[in-house]
Amino acid sequence: MSESRNKKKGTLVWRWAWRELFHGQLWPVVAALALIIACVFALSALAGRIESVLTQQGRSMLAADLVLRSNQPLTEQTLANFETLDVEVSDQTRFGTMAFSQDNMQLISVKAVESNYPLRGNLELQADTTMHDSVKPGELWLEERLFTLLDVQVGDSVDVGDVSLQVSGLIVSEPELSFNPFSQMPAAMMHQSDVAAAGVVRPGSRVNYRYFFSGDNSELDAVKAVYPVAEGQRWIDENTGDRTGDMLDRSRGYLSLTVVLVIIMAAATLLLTCQHYVDSRTQTLAMVKSLGAQRSWVRRWLGRQLVMLMLMATVLGLSFGAALEYLLRLPLADVLPSPLPSYGLLPWFLGPLVALLVALPALGIPLIRLIDAPALSVLQSQGAVKARKSPWSWLLASVPILALVAWSYDNRLLWLVLAALVVMLSLLAGIGVMVLRFAQKRVTQPAFKLALSRITRNPASSGAQLGALATSFMLLSIIWLLRTDLLEDWQQTLPPDAPNVFALNIAKSELDDYVGRLDANNLERSEAYPIIRGRLVANNGNRYADMEPNREERDEALRRELNFTWRDELPTHNALLEGTWPTKGGVSVESGIAERLGLRMGDELTFSVNSQEFIATINSVRDVEWRNMKPNFYFIFDPKLVESLPANWLVSFRLESEQSDIVNQLGRDYPTITLLDLRTMSGRIQVMLRQVSLSLSVLAGLAVVSGLLLLLTLLRITLSERQREIMLYRTLGASKKRINTTLWAEYGIMALVSGCMAVGGAELAMAALLKWGVELPVRLHPEVWLSLPMIAVGLVFMTVAWMLRGLLEPLKR
């Protein structure tokens, strides 16, 4: 009999818990938890795939997982040692030489590769209508311009040194894509086995050797351990080679920041909802306790509610997270690897785990207070009856904090955002209360005066509501503004009209005629820049070779020749940070290299050009945007210092895809000028930019939904708290019109004040994020000053209008 009674009790508990979940106050809790799970799932899965993109992109541009660059060939014994390891190896020889056709000759840059090249990325070679992906012995593949310069067709013979090779076709694209426009000649590819027969690589020749390796990370570490590099050699991987991952790096940072803000807003929704739920159910549970219900029964009732709540939130969150991850990566289909790597089991566990950590204090602490509510609360408010403080509250609050510290103790951006939110919430709350009190003394209209009196009656509560509203609007603004600033930065970095062709090695005697030809074809071009090759060798008399004897430990700019120029005017795409222009008797330094090498205004730098050394004093520092594909330089000299040195000239211009005939004609008319055509590369970057922009927009839209859920919860709670006051006002004789006007005035004032405060907070937060978070120029956002207060008032009014009818329902009776 007792067993049957216990079974009925258990069924009753489950039925009541189910009714509370669907007909009570807990649906926003399910929505907030599901949103947390969905965001964490989608972002963790997508972050793994973006990391794969960054790694694959870097390795594709290297044509391998690991590359050894050397100015000397490796010995047979060393190559044999590599072959004993479980890695794939391919070697390459690079050199410049003359190519001779039947009627013409041309200086070319040759890559001699093996048949398994590349180990990563794609090599596309076109022979008439067929495509190939490898080079075979006896073949010679040419860049498009070489067909014109050498006046050859597929099947013709071209002599490279002592060997005659058959022109096999066109180099369409290759993985080793270089962004350096200063050391390029028309390219050709031949097989490594033909180099010896050509006889062009001799002692003293300027040759570069590359050895490519493919394998997993442990195997690559073993390769490095077998062969420690010597002078003139360097290991290159995706982290040390030239990469174009900056855009994706910032995208990943934006994704991480957005998911943190979404979690914060969802956690606030949880906390507010649970607090309101506890307040609304305290007297109910107190009555149940007064009728004999035990604390254990209350725990079972609440525990079963939480189990159902977490299960529903987990199912909904994981389902929505999988769909969201698909939506986020859909615009990135062309840049994500194919087939897509599996994101594994981690996102399936990480989403519910993060939701659980957030829910522990947000749900646990209010529910502990509900469990501990004394039976006396049925007669008095719980504020009058002091509940016992549980030590479990402190433990629950510490769990997510400790987890956050362990997970991201070194994430500067995250802690910057959290600290800013705490400071902003306090400041906005205090400022809001002061503004409202100031207005209360000067308002005479009865409805507004009553509204301000109600708002300022409890400063702590009013400050919390204003701070929460303002912070919500501020977070929404930050997410959208940061997305907009990132996109604008990328658009300015590589605008649609960016130059995509570089003309190099222009002799002084050809410069005017060449530039005139570009102008005659109405091509948008840069100014012409003289180019001098040289090295930075000393600072204030201290030679870098003596300070850092190991060449590999020096900065990259100290290990190679640099491109110098001179100008009377500051380049229009550079910004002067220190000093003055022109650089009279001195040199202007790019800010990045100045910071890395510790260069300061007034330092005397020693340069070497053609084995001749000269000294220049730093008298200005410039900010240079290296990603904009415009001619940029570490050092720009006073013309009087270097204009007597022999120099070639550079000019960049823009060509559309249908203007290839102009490039070919320029190649025929100026055979000694090197043309570097980057149209394919810049087009790929533009496509990638658009795709990443779409993903950021999808995520920003999700964050807006999270913010609106928080706003809806805030307004729903504050409006429900007005129910008793409305009934009291009605009992005392207040008209429906007066109550209606007072409510609209109250929430209109709160919306306007919180919107204005959010503007200031968003500008301050954005300035900090742009400067120290994503390292972009700080700027004001005047569009927000007008739009955000209006949006805030509109959102609040729509919510109030939706809920006001239910509040005023008793007035119709």
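Note that the numbering runs from 1 along the sequence shown for the chain.
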- line: Rounded to the nearest 0.5 angstrom, the CG-OH distance for Leu74 and Tyr209 is 10.0 Å

- request: Give, for atom CD of Gln92 and atom CE of Met189, the distance between the pair rounded to the nearest 0.5 Å.
  value: 7.0 Å

- prompt: Do other residues, nucleotides or ligands put more than 12 heavy atoms under 6.0 Å from the CE atom of Met131?
  reply: yes

For residues 515-526, dump all side-chain donor-acceptor pairs below 3.5 Å to protein atoms at least two apart in sequence or in another chain.
| unit_1 | atom_1 | unit_2 | atom_2 | d |
| --- | --- | --- | --- | --- |
| Arg517 | NH1 | Asp669 | OD2 | 2.8 |
| Arg517 | NH2 | Asp669 | OD2 | 3.4 |
| Asp519 | OD1 | Arg525 | NE | 2.8 |
| Asp519 | OD2 | Arg525 | NH2 | 3.3 |
| Asn521 | ND2 | Arg517 | O | 2.9 |
| Ser526 | OG | Ser652 | N | 3.0 |
| Ser526 | OG | Ser652 | O | 3.4 |
| Ser526 | OG | Ser652 | OG | 3.0 |

Aromatic contact, Phe633 with Tyr529 (centres under 6.0 Å): yes

query: Under the 3.5 angstrom rule, does the side chain of Glu590 hit a backbone N or O of Gly592 as a donor-acceptor pair?
result: yes

query: From Met105 CE over to Asp151 CG, what is the distance, rounded to the nearest 0.5 angstrom?
result: 14.5 Å

- prompt: How about Tyr227 and Phe213: are their ring centroids closer than 6.0 Å?
  reply: no

message: Would you say that Phe614 contacts Leu645 through its side chain, given a criterion of any heavy-atom pair below 4.5 Å between the two side chains?
response: yes

message: I need the minimum non-hydrogen distance between Asp162 and Gly199, along with the two atoms involved.
response: OD2-CA, 4.3 Å

task: Applying side-chain contact (heavy atoms from CB on, under 4.5 Å), run through Phe147 and Leu170 and close with a yes or a no.
output: CA-CA 9 Å; Phe147 285 92; Leu170 171 68; 4.1 Å; yes

Main-chain N/O of Leu150 paired to Ser101 side chain as donor or acceptor, under 3.5 Å: yes

- prompt: Is the Trp141 ring parallel, tilted or perpendicular to the His132 ring (thresholds 30°, 60°)?
  reply: tilted

query: So, the side chain of Arg567 versus the backbone of Pro530: is there a donor-acceptor pair under 3.5 Å, distance only?
result: no

task: List the steps and the verdict of side-chain contact (heavy atoms from CB on, under 4.5 Å) for Tyr211 and Leu79.
output: CA-CA 9 Å; Tyr211 299 88; Leu79 295 176; 3.9 Å; yes

Between CG on residue Asp513 and CD on residue Glu510, distance to nearest 0.5 Å: 8.0 Å

- request: Apply the side chain to side chain contact (heavy atoms under 4.5 Å, CB included) test between Val110 and each candidate in Val200, Thr97, Val207, Val195; give the one that qualifies.
  value: Thr97

task: Would you sort out whether Leu125 and Ile171 count as a side-chain contact (heavy atoms from CB on, under 4.5 Å), showing the intermediate values?
output: CA-CA 5 Å; Leu125 306 171; Ile171 302 173; 4.1 Å; yes

Ser115 side chain vs Val135 backbone, donor-acceptor pair below 3.5 Å: yes

- prompt: Would Glu143 and Ile108 count as a side-chain contact (heavy atoms from CB on, under 4.5 Å) if you check the C-alpha gap in whole Å, the side-chain angles of each, and the deciding distance to 0.1 Å?
  reply: CA-CA 10 Å; Glu143 181 183 332; Ile108 62 173; over 6 Å; no

Short side-chain to backbone donor-acceptor contact, Asn610 and Gln612, under 3.5 Å: no

query: Do Phe564 and Val642 come within less than 4.5 Å of each other through their side chains, counting heavy atoms only?
result: no

query: Is a donor on one side and an acceptor on the other found under 3.5 Å between the side chain of Asp156 and the backbone of Gln153?
result: yes

Separation of Phe653 CZ from Phe502 CZ (nearest 0.5 Å): 10.0 Å

message: Does Glu643, at its CD atom, have more than 12 non-hydrogen atoms belonging to other residues, nucleotides or ligands within less than 6.0 Å?
response: yes

query: Does Asp65 reach the main-chain N or O of Gly215 with its side chain, forming a donor-acceptor pair under 3.5 Å?
result: yes

query: So which pairs with a foot in residues 84-94 pass salt bridge (charged side-chain N to carboxylate O under 4.0 Å, His left out), sequence neighbours left out?
result: Arg94-Glu176

query: Taking Glu561 for the side chain and Asn563 for the main chain, is one N or O donor matched with an acceptor at less than 3.5 Å?
result: no

- request: Decide yes or no for Gln192 and Tyr117: does some side-chain heavy atom of the first lie under 4.5 Å from some side-chain heavy atom of the second?
  value: no

query: Rounded to the nearest 0.5 Å, how far does CZ of Phe635 lie from CD1 of Ile532?
result: 13.0 Å

query: With sequence neighbours excluded, what pairs up with Thr606 under the side-chain contact (heavy atoms from CB on, under 4.5 Å) test?
result: Val537, Ala538, Glu613, Ile615

